[in-house]
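All remarks here apply to the structure that follows.
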Amino acid sequence: MSENDHYAIAIDGPAASGKSTIAKCLARELGLVMVNSGAMYRAVTWKMLELGVDIHNADSVVAALRAMQVECGVEGCFSTIAIDGRWLSEELRASAVNQAVSVVAAVPEVRELLVQKQRDYLKHTSVVMEGRDIGSVVFPDTRYKIYVDASEEVRAARRSAEGVTDSVAARDKADSNRKTAPLLIAPGAVVLDNSHHTVESAVAAALEILRTQGLTKK
Ligand code: CDP
Ligand code: CDP
């Protein structure tokens, strides 16, 4: 699983289930780097939209991908991402990106490139990584796997409370039905139902799950 004794905590689940929120708190508690793998798929998608690539044409997506320089970093205890030298943040939450990201993320070549970059983080640090396929594909051998879930109503309400236009149900459907690395409960993952938790109690529940999975730190 690890390089240089570094390890990964995998946090997967559907859109707006609370993965980022829980992963950030865990990273703070445990002194790890939080890696937002969704931001990588969003960044590549943002660039495709900037370039006017027809995202429904996989060959065009792959050609644009090959011409792109994707750079992943860390600032404080969070992952960062740049495309062709431009560091991205707010742009990644745009409605246009929400609508397009599942299409781009279904292209196997996109996944191949980004999965390698996700694994590369372990060369430098231990991570809490959140996404859709972290426990199933990126780090299948890690002992620490949580699948964060919440009802569709709760997830849609939480996302709209953030003032974001995001069809979470449509994205989940696309993410769950794609051929490559679909969203699923990875073997060995424990499900954390975040429908009725506060953030604090969800993080406490996540820490408890990690203890049962053998995490001794903290
Ligand atoms: O934050 P939210 O759950 O809304 O989405 P995200 O984690 O930023 O992920 C955005 C999109 O990227 C997802 O809907 C997936 O299509 C894709 N993604 C993926 O395919 N695999 C991952 N490991 C992470 C995200
Ligand atoms: O990363 P993901 O898309 O799974 O979800 P998120 O962006 O971490 O969480 C969606 C929203 O739900 C955020 O505004 C959180 O503050 C809120 N929330 C939560 O994550 N967990 C709770 N128990 C309650 C609210």
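Counting starts at 1 for both ligands and their atoms, in listed order.
Annotation: atom 12 (O) of ligand 2 to nearest protein heavy atom, R158 CD, 3.2 Å. Closest protein heavy atom to atom 21 (N) of ligand 2: N194 ND2, 3.1 Å. Here the protein heavy atom with the shortest distance to atom 13 (C) of ligand 1 is D175 OD2, 3.3 Å. Scanning the protein for heavy atoms near atom 7 (O) of ligand 1, the closest one is R132 NH1, 3.1 Å. The protein heavy-atom contact nearest to atom 10 (C) of ligand 2 is E162 OE2, 3.8 Å. The nearest protein atom to atom 1 (O) of ligand 2, hydrogens excluded, is given as S20 OG, 2.5 Å; this is a heavy-atom distance. Scanning all protein heavy atoms for the shortest distance to atom 16 (O) of ligand 2 gives T21 OG1, 4.0 Å. Atom 18 (N) of ligand 1 has its closest protein heavy atom at Y41 CD1, 3.6 Å.
A donor-acceptor contact closer than 3.5 angstrom links the side chains of E130 and S20. If you check the side chains of S17 and N194, you find no donor sitting under 3.5 Å from an acceptor.
Contact check for L210 versus T212: no side-chain heavy atoms found under the 4.5 Å cut-off.
Other residues, nucleotides and ligands place no more than 12 heavy atoms under 6.0 Å from the CD atom of E75.
With hydrogens and angles disregarded, no donor-acceptor distance shorter than 3.5 Å links the side chain of S201 to the backbone of H197. For T142 (side chain) and A8 (main-chain N/O), a donor-acceptor pair under 3.5 Å exists by modelled atom type. Of the possible donor and acceptor atoms, one in the side chain of K19 sits under 3.5 Å from a partner among the backbone N and O of P14.
Not one N or O of N36 is nearer than 3.5 Å to an N or O of ligand 1, by distance alone. The shortest N or O to N or O distance between G18 and ligand 2 is under 3.5 Å.
Counting atoms of ligand 1 from 1 in the listed order, those under 4.0 Å from a heavy atom of A105 are 16 (O), 17 (C), 20 (O). Of all the atoms in ligand 2, the ones that sit under 4.0 Å from a non-hydrogen atom of A16 are 2 (P), 3 (O), 4 (O), 5 (O). Using a 4.0 Å cut-off to heavy atoms of R159, the atoms of ligand 2 that qualify are 3 (O), 5 (O), 6 (P), 7 (O), 10 (C). Set against the non-hydrogen atoms of K19, the atoms of ligand 1 under 4.0 Å away are 3 (O). Proximity to S17 (heavy-atom distance under 4.0 Å) selects the following atoms of ligand 2: 2 (P), 4 (O), 5 (O).
Taking SG of C25 as the reference point, atom CG of L207 lies at 9.5 Å (rounded to 0.5 Å).
Paired with V53 under the rule side chain to side chain contact (heavy atoms under 4.5 Å, CB included), one option of T45, V62, V61, L65 passes, and it is V61. Among the candidates I81, L88, V104, L92, the single residue satisfying the side chain to side chain contact (heavy atoms under 4.5 Å, CB included) test with R42 is L92.
Contact between R111 and ligand 1 is present, with at least one heavy atom of the residue lying under 4.0 Å from the ligand. Within the structure, ligand 1 lacks Q118 among the residues with a heavy atom less than 4.0 angstrom away. The shortest heavy-atom distance from R93 to ligand 1 is under 4.0 Å. The closest approach between K24 and ligand 2 stays at or above 4.0 Å for every heavy atom of the residue.
Of the heavy atoms in R42, only side-chain atoms (C-beta onward) come closer than 4.0 Å to ligand 1. Contact annotation: for V148 versus ligand 2, there are no heavy atoms closer than 4.0 Å.
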Exercise for the section: Check step by step if side-chain contact (heavy atoms from CB on, under 4.5 Å) holds for Y41 and R132. Expected result: CA-CA 11 Å; Y41 291 95; R132 302 293 186 290; over 6 Å; no

